[in-house]
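Quick notes on the structure that follows.
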Amino acid sequence: MNLRTPCYIIDTERIESNLKILKGVMDRTGCRILLAQKAFSCYAFYPLIAKYLCGATASGLYEARLCHEEMPGRENHIFSPAFKPADFDEITTICDHIVFNSMRQLSLYGEKARQRGLSVGLRVNPEKSTQEGHAIYDPCAPGSRLGTTLQEFVDGLKRNPQLLQLLDGLHFHTLCEQDSDALEVTLDAFEARFGRWLPQMKWVNFGGGHHITRPGYDIPRLERCIGRMTARGLTVYLEPGEAVALNAGYLLTTVLEVQHKEQPVAIIDASAACHMPDVIEMPYRPPLEGSGEPGEKPFTYRLGGPTCLAGDIVGDYSFDTQLTEGQKLTFDDMAIYSMVKNNTFNGMPLPDIYIKEGTNYRLWKTFGYEDFKGRI
Ligand SMILES: *Cc1c(COP(=O)(O)O)cnc(C)c1O
């Protein structure tokens, strides 16, 4: 495999096997699953995704447009913490579901969205944290700007009881890379707070963060959670991002230089800061093929990127043999939150994107100097 590095490789079979798992959940429960484009917007795969899922959800106008153009005819949902007045008309011509974050946003836009035929929802905050450590990924953390709390909901309805009539559904999104036990806890909190309004609703959206396609994920428990809502006559939506493209992509890099220091370092042609930003932001240590934990195999290296950022470090990895310049390294699980987040800091090139179909690697996108220059 002689591909120009760095490059992302997206594996069609892996995407499809994830989609089959998600489709199984839909078939057994009658729920509707959407792609959260935030995690994976590689629209080369939208026709395949549209074969299995019901559509997509967007964080704003551009993602909504992408769904409209590349998954035509499928459901197109949108949520934003605050919509821009200038975007609203276009949003209502291309989206079929819109979810507001606050009673104010609902009162500003809800009536108009309804008149234009959209199904209207409100994102609520069940105020039940189920994750530790990743505060930036916890929309239930104290002071969160995401979702309407019970108190805010009740106060808003007191001021304007008509707002309830605008709502077709309630939405919550509180999870991140979690299993269905956390969903169950969240659903209990959601029902305890907002259950009394469910008889007026048509649908409930469980958001994303469900790691459904991860080996060991408890799918029967997820399906019981869905069943609790369908038993109340509600359509259930799930909008996973990661689960659609989990373990379906690679980032191929080349070792440029080995530094034989006390702590040996290898500089690679991919950057954590530019090409795998969640490594630094989240943070996490991405899996690397053929490697072990530091010290596990005879030769341990710290892998760093070619930028001037001291902290542009992917992590510490061990190998059976010494690394050499020119050697290729393959990071796994690089389809999600990678292409959508990469950047050209330090004038770094954007990785090309290949699509793997069987044993064939098809070049889908290639980037160059103009992509760096053009965005500044
Ligand atoms: C991020 C997000 C998702 C997708 O989350 P994943 O962790 O990628 O599954 C879905 N819905 C909303 C509202 C989100 O913010």
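Read the numbers this way: they start at 1 and go in the same order the structure lists the ligands and their atoms.
Those atoms of ligand 1 with a heavy atom of Ala39 less than 4.0 angstrom away are 8 (O). Numbered from 1 in the order shown, with element, the atoms of ligand 1 that lie under 4.0 Å from a heavy atom of Pro240 read 9 (O). For ligand 1 and Tyr337, the ligand atoms under 4.0 Å from any heavy atom of the residue are 1 (C), 5 (O), 6 (P), 7 (O), 8 (O). The contact set between ligand 1 and Ala36, taken as ligand atoms under 4.0 Å from a residue heavy atom, comprises 3 (C), 4 (C), 10 (C). Atoms of ligand 1 found under 4.0 Å from any heavy atom of Gly241, numbered from 1 in the order shown, are 4 (C), 6 (P), 8 (O), 9 (O).
Remark: Arg362 fails to qualify as a cation-pi partner of Tyr354 under the 6.0 Å distance and 45° angle criteria applied to the six-membered ring.
Taking a 4.0 Å cut-off on heavy atoms, Cys176 fails to register as neighbouring ligand 1. Within the structure, the closest approach of Ala243 to ligand 1 does not fall below 4.0 Å when heavy atoms are considered.
Ion pair Arg228/Glu191 flagged as a salt bridge, since at least one NZ, NE, NH1 or NH2 atom sits closer than 4.0 Å to an Asp/Glu carboxylate oxygen. The pair Arg4-Asp352 counts as a salt bridge, with a side-chain nitrogen and a carboxylate oxygen less than 4.0 angstrom apart. Classification of Arg285 and Asp316 as a salt-bridged pair fails, no side-chain N sitting under 4.0 Å from a carboxylate O.
Residue-level proximity to ligand 1 for Glu242 is carried by backbone and side chain together, each with a heavy atom below 4.0 angstrom. Only the side chain of Arg123 comes within 4.0 Å of ligand 1, counting heavy atoms alone; its backbone N, CA, C and O stay farther away. Contact annotation: for Lys38 versus ligand 1, heavy atoms closer than 4.0 Å belong to the side chain alone.
Annotation: Phe367 is not in aromatic contact with Phe372 [ring centroid separation under 6.0 Å not met]. For an aromatic pair to be called close, the ring centres must be under 6.0 Å apart, and Tyr301 with Tyr317 fails this.
The protein atom (non-hydrogen) at minimum distance from atom 13 (C) of ligand 1 is Glu239 OE2, 3.5 Å. Protein heavy atom at the shortest distance from atom 6 (P) of ligand 1 is Gly209 N, 3.4 Å.
Heavy-atom neighbours of Arg114 CZ from other residues, nucleotides or ligands within 6.0 Å: above the threshold of 12.
Using modelled atom types, one finds no donor on one side chain facing an acceptor on the other under 3.5 Å when comparing Glu90 with Thr93.
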